[in-house]
Participant: 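The structure's right below; bear with me while I get my questions together.
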Amino acid sequence: MSDALSHVLPAGAVVTDPDVLTSLASDRALWAPAGVPSCAVRPRTAEQVQATLRIAYESGVAVVPRGAGSGLSGGAAAVDGCIVLSLASMTSIDIHREGMYAVVQPGAVNGDVFRAAAAAGLFYAPDPASREFSTIGGNIATNAGGLCCVKYGVTRDSVLGLEVVLADGDILRTGGTTVKDVAGLDLRSLFVGSEGTLGVVTEATLRLLPQPASAATAIATFDSMEAACTAVTAIVTRCRPSMLEIMDSVTMRAVELMQPMGLDADAGALLLGRTDSGHEADLEVMRTACVDAGASVFYSTADGSEGELLTAARRLALPALERLGPTLLDDVAVPLDQIAGMVRLIGGVAEAHGVTIGTFGHAGDGNLHPTIVVPDSPDGGARARGAFDAILAAALGIGGSITGEHGVGSLKRGALELQLDQGSTKLHRLIKNALDPRGILNPGKALPH
């Protein structure tokens, strides 16, 4: 396969070095099995992606697209004998200030797009905690959210158009540069969140917004997660914060252990809120809601640098928990009126399985990230996996979803069939077969068995 690809691709684009292939075979989901690829391709243009897929399609060889490998569900894990298609070298960013959009390649890093937009006086909203290393292509593949999605939505809400190479090498362009477009079916949204199973994104047109008004950031501490969740409900029913994040005591202690930041490790929960509306009334809504819910501390600042320091603690949540030992990260989304109930269920799972779980996440839109620290014992892995599955079942039991923003990948594929009904499962299979009849694109990921 590597010889056939080398004949049509530039020198150096095809990689067969075993050490490099090993580094490209998995993502951050350590529990997701990874196979051994036959080779990797590092394209720089859509035409090179086309050439790769045409050869793979004719030969029936699997292709696993990947960006930075920062995914958390095994979506970029290789399968035996596949071609790993690494899009990390496709990094161009073209800002159109007056049109208020950006045209970017999939390997562009989220944070670089944010800064390029800011330099033009504009704002790119999707803000995953991994924004300094995750790529736009990966964000699109999983429909990534982030800290600001409570107000600005997830990645899909910022995608105006896509250029996609289909399984057989044909190019599809869907959407464009207009804010409104209802001509034909919404194929753009179909590809966002499809985890590379329907096509390979080679270019994205992204919506940019005016820079928000100056922001005010607030933190509040509570004796319990349930009290913090009560404050969340009161806030989101009265105003639209641009950020509303939560961390439990396990997570705060882990952050303090990794990088002391003055967090109250004895508190039961920390709530981090931000408003960029410029309205003092929104900050007062936050303060009143937190005090009424029993906050022991409420502090706010309009200083941007200080606000970013407070936010840094939340961005450290996962790296800090990973320092406690191997982790199994969950990603569930529940209705806003069920957040406190989900927190209680997570506590019950931790007790039943004898594991430590640090819970943090995007409280403002009901997306929680319970992170299981795998016990250092012979049955530690089994207990952690049991807790992981129990959390998924608990979320489904209260009307939630098995994933809010990390994707299904291979890690949650079994649980997907518990969420989708028969009609949805059938339609998923029909769409996959129509767009990828030979089943070469990221097999074993994202879609029902």
Side-chain angles (χ1 to χ4, degrees), residues 27-32 69-77 110 126-131 134 138-150 153-156 192-195 225 244-248 250-251 314-322 326-336 338-339 341-343 345-346 349-350 355 357-374 384-420 445-447:
D27 57 19
R28 292 182 72 191
L30 301 180
W31 288 71
S70 60
L72 295 160
S73 63
N110 179 294
D127 180 31
S130 59
R131 79 184 216 181
S134 66
N139 293 170
I140 290 171
T142 58
N143 192 24
L147 278 65
C148 291
C149 57
V150 61
V154 291
T155 297
R156 180 179 285 118
V192 180
S194 64
E195 300 186 47
M225 284 284 280
L244 195 56
E245 299 288 304
I246 199 167
M247 294 195 295
D248 69 359
V250 173
T251 306
R314 164 60 184 87
R315 294 189 188 278
L316 288 174
L318 179 57
L321 288 166
E322 288 176 329
T327 58
L328 190 51
L329 175 67
D330 234 320
D331 162 46
V332 292
V334 298
L336 290 175
Q338 295 293 330
I339 302 173
M342 189 66 217
V343 166
L345 290 169
I346 292 168
V349 169
V355 295
I357 301 179
T359 298
F360 61 94
H362 316 302
D365 57 15
N367 187 191
L368 299 175
H369 299 315
T371 304
I372 303 156
V373 180
V374 181
R385 183 69 212 206
F388 182 89
D389 292 340
I391 290 171
L392 297 182
L396 291 175
I398 57 174
S401 171
I402 61 171
T403 177
E405 59 184 7
H406 294 166
V408 172
S410 59
L411 200 59
K412 296 186 176 183
R413 195 178 180 208
L416 181 63
E417 294 177 3
L418 301 176
Q419 180 168 338
L420 301 181
K445 316 288 178 52
L447 304 175

Participant: Could you grab the distance from atom CG of Leu392 to atom CG of Leu418, nearest 0.5 Å is fine?
Facilitator: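 It is 8.5 Å, given to the nearest 0.5 Å.
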Participant: Looking only at non-hydrogen atoms, find the nearest pair between Leu396 and Ser401 and report the distance.
Facilitator: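 Between these two residues, the closest heavy atoms are CD2-CA, 4.4 Å.
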Participant: Look at the side chain of Asp27 and the backbone N and O of Gly75, then say whether any donor-acceptor pair between them is shorter than 3.5 Å.
Facilitator: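 Yes, the answer is positive, given that a donor and an acceptor are paired below the 3.5 Å cut-off.
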Participant: Taking the side chain from Asp331 and the backbone from Glu405, do they hold a donor-acceptor pair closer than 3.5 Å?
Facilitator: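 Yes.
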Participant: Verify, without hydrogens or angle tests, whether Glu195 (side chain) and Gly409 (backbone) share a donor-acceptor contact under 3.5 angstrom.
Facilitator: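 Yes, the answer is positive, given that a donor and an acceptor are paired below the 3.5 Å cut-off.
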Participant: Suppose we screen for side-chain hydrogen bond (donor to acceptor under 3.5 Å, both in side chains). Which residues come up paired with Arg28, at least two apart in sequence or across chains?
Facilitator: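 With sequence neighbours excluded, Arg28 shows a side-chain hydrogen bond (donor to acceptor under 3.5 Å, both in side chains) to Glu322, given in chain and number order.
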Participant: Taking the side chain as everything from C-beta on, heavy atoms only, tell me whether Ile391 gets closer than 4.5 Å to Ile372.
Facilitator: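 The answer is yes; the side chains approach within 4.5 Å.
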Participant: Taking 4.0 angstrom as the limit, do Arg315 and Asp127 come out as a salt bridge?
Facilitator: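 So Arg315 pairs with Asp127 through a salt bridge.
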Participant: If you measure from CG on Leu321 to OG1 on Thr251, what distance do you get to the nearest 0.5 Å?
Facilitator: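 The OG1 atom of Thr251 is 4.5 Å from CG of Leu321, to the nearest 0.5 Å.
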Participant: Let me see the working for Trp31 and Val374 under side-chain contact (heavy atoms from CB on, under 4.5 Å), right down to the final yes or no.
Facilitator: CA-CA 11 Å; Trp31 288 71; Val374 181; 3.4 Å; yes
Participant: Is there a donor-acceptor contact under 3.5 Å from the side chain of Lys445 to the main chain of Ala77?
Facilitator: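 Flag set: sc Lys445 to bb Ala77 pair under 3.5 Å.
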Participant: I'd like to know if Arg314 and Glu245 make a salt bridge, using a cut-off of under 4.0 Å between side-chain N and carboxylate O.
Facilitator: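 Counted as a salt bridge, because a side-chain N and a carboxylate O are separated by less than 4.0 Å.
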Participant: Supply the atom-to-atom distance Ser73 OG to Asp330 CG, rounded to the nearest 0.5 angstrom.
Facilitator: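 If we round to the nearest 0.5 Å, Ser73:OG and Asp330:CG are 11.5 Å apart.
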Participant: Apply side-chain hydrogen bond (donor to acceptor under 3.5 Å, both in side chains) to Ser130 and list each qualifying residue two or more places apart in sequence or on a separate chain.
Facilitator: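 For Ser130 the side-chain hydrogen bond (donor to acceptor under 3.5 Å, both in side chains) partners, ignoring immediate neighbours, are Ser134.
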Participant: Do you know which two heavy atoms are closest between Thr403 and Val408, and how far apart they sit?
Facilitator: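 Looking at all heavy atoms of both residues, the shortest contact is CG2-CG2, 4.0 Å.
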Participant: Applying ring-ring contact (aromatic ring centres under 6.0 Å, His included), can you list everything that pairs with His369, at least two apart in sequence or on another chain?
Facilitator: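 Result, ring-ring contact (aromatic ring centres under 6.0 Å, His included) vs His369: Phe360, His362, His406.
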Participant: For a quick test of reading the model, state the closest non-hydrogen atom pair linking Gly364 to Leu336 and the distance between them.
Facilitator: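 Closest approach of Gly364 to Leu336, heavy atoms only: O-CD2, 3.4 Å.
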Participant: Please identify which of these residues, Ile357, Asp248, Leu345, Val250, meets the side chain to side chain contact (heavy atoms under 4.5 Å, CB included) condition with Pro370.
Facilitator: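 Looking at Ile357, Asp248, Leu345, Val250, the match for Pro370 under the side chain to side chain contact (heavy atoms under 4.5 Å, CB included) is Ile357.
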Participant: Rounded to the nearest 0.5 Å, how far apart are CG of Leu244 and SG of Cys149?
Facilitator: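 Those atoms lie 10.5 Å apart.
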Participant: Leu328 and Ala384: which non-hydrogen atoms are nearest, and at how many Å?
Facilitator: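 Result for this residue pair: CD2-O, 3.7 Å.
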Participant: Kindly give the heavy-atom pair with the smallest separation between Met342 and Ala394, and that separation in Å.
Facilitator: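 In this case the closest contact between Met342 and Ala394 is CE-CB, 4.0 Å.
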Participant: Could you report the tightest heavy-atom contact between Ser410 and Gly74, atom names first, then the distance?
Facilitator: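 Looking at all heavy atoms of both residues, the shortest contact is OG-O, 3.7 Å.
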Participant: Counting distance only, does the side-chain N/O of Arg156 pair as donor-acceptor with the main-chain N or O of Val192 below 3.5 Å?
Facilitator: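 Yes: the side chain of Arg156 pairs with the backbone of Val192.
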Participant: Checking Thr155 against Asn139 for the side-chain hydrogen bond (donor to acceptor under 3.5 Å, both in side chains) test, could you report, in this order, the C-alpha distance in whole Å, the side-chain angles of both residues, the deciding distance, and whether it holds?
Facilitator: CA-CA 7 Å; Thr155 297; Asn139 293 170; 5.1 Å; no
Participant: When rounded to the nearest 0.5 angstrom, what distance separates CG in Leu368 from CD1 in Ile246?
Facilitator: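 Leu368 CG to Ile246 CD1: 7.0 Å, rounded to 0.5 Å.
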Participant: In Å and rounded to the nearest 0.5 Å, what is the CG to CD1 distance from Leu416 to Ile402?
Facilitator: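 Reported to 0.5 Å precision, the distance equals 5.0 Å.
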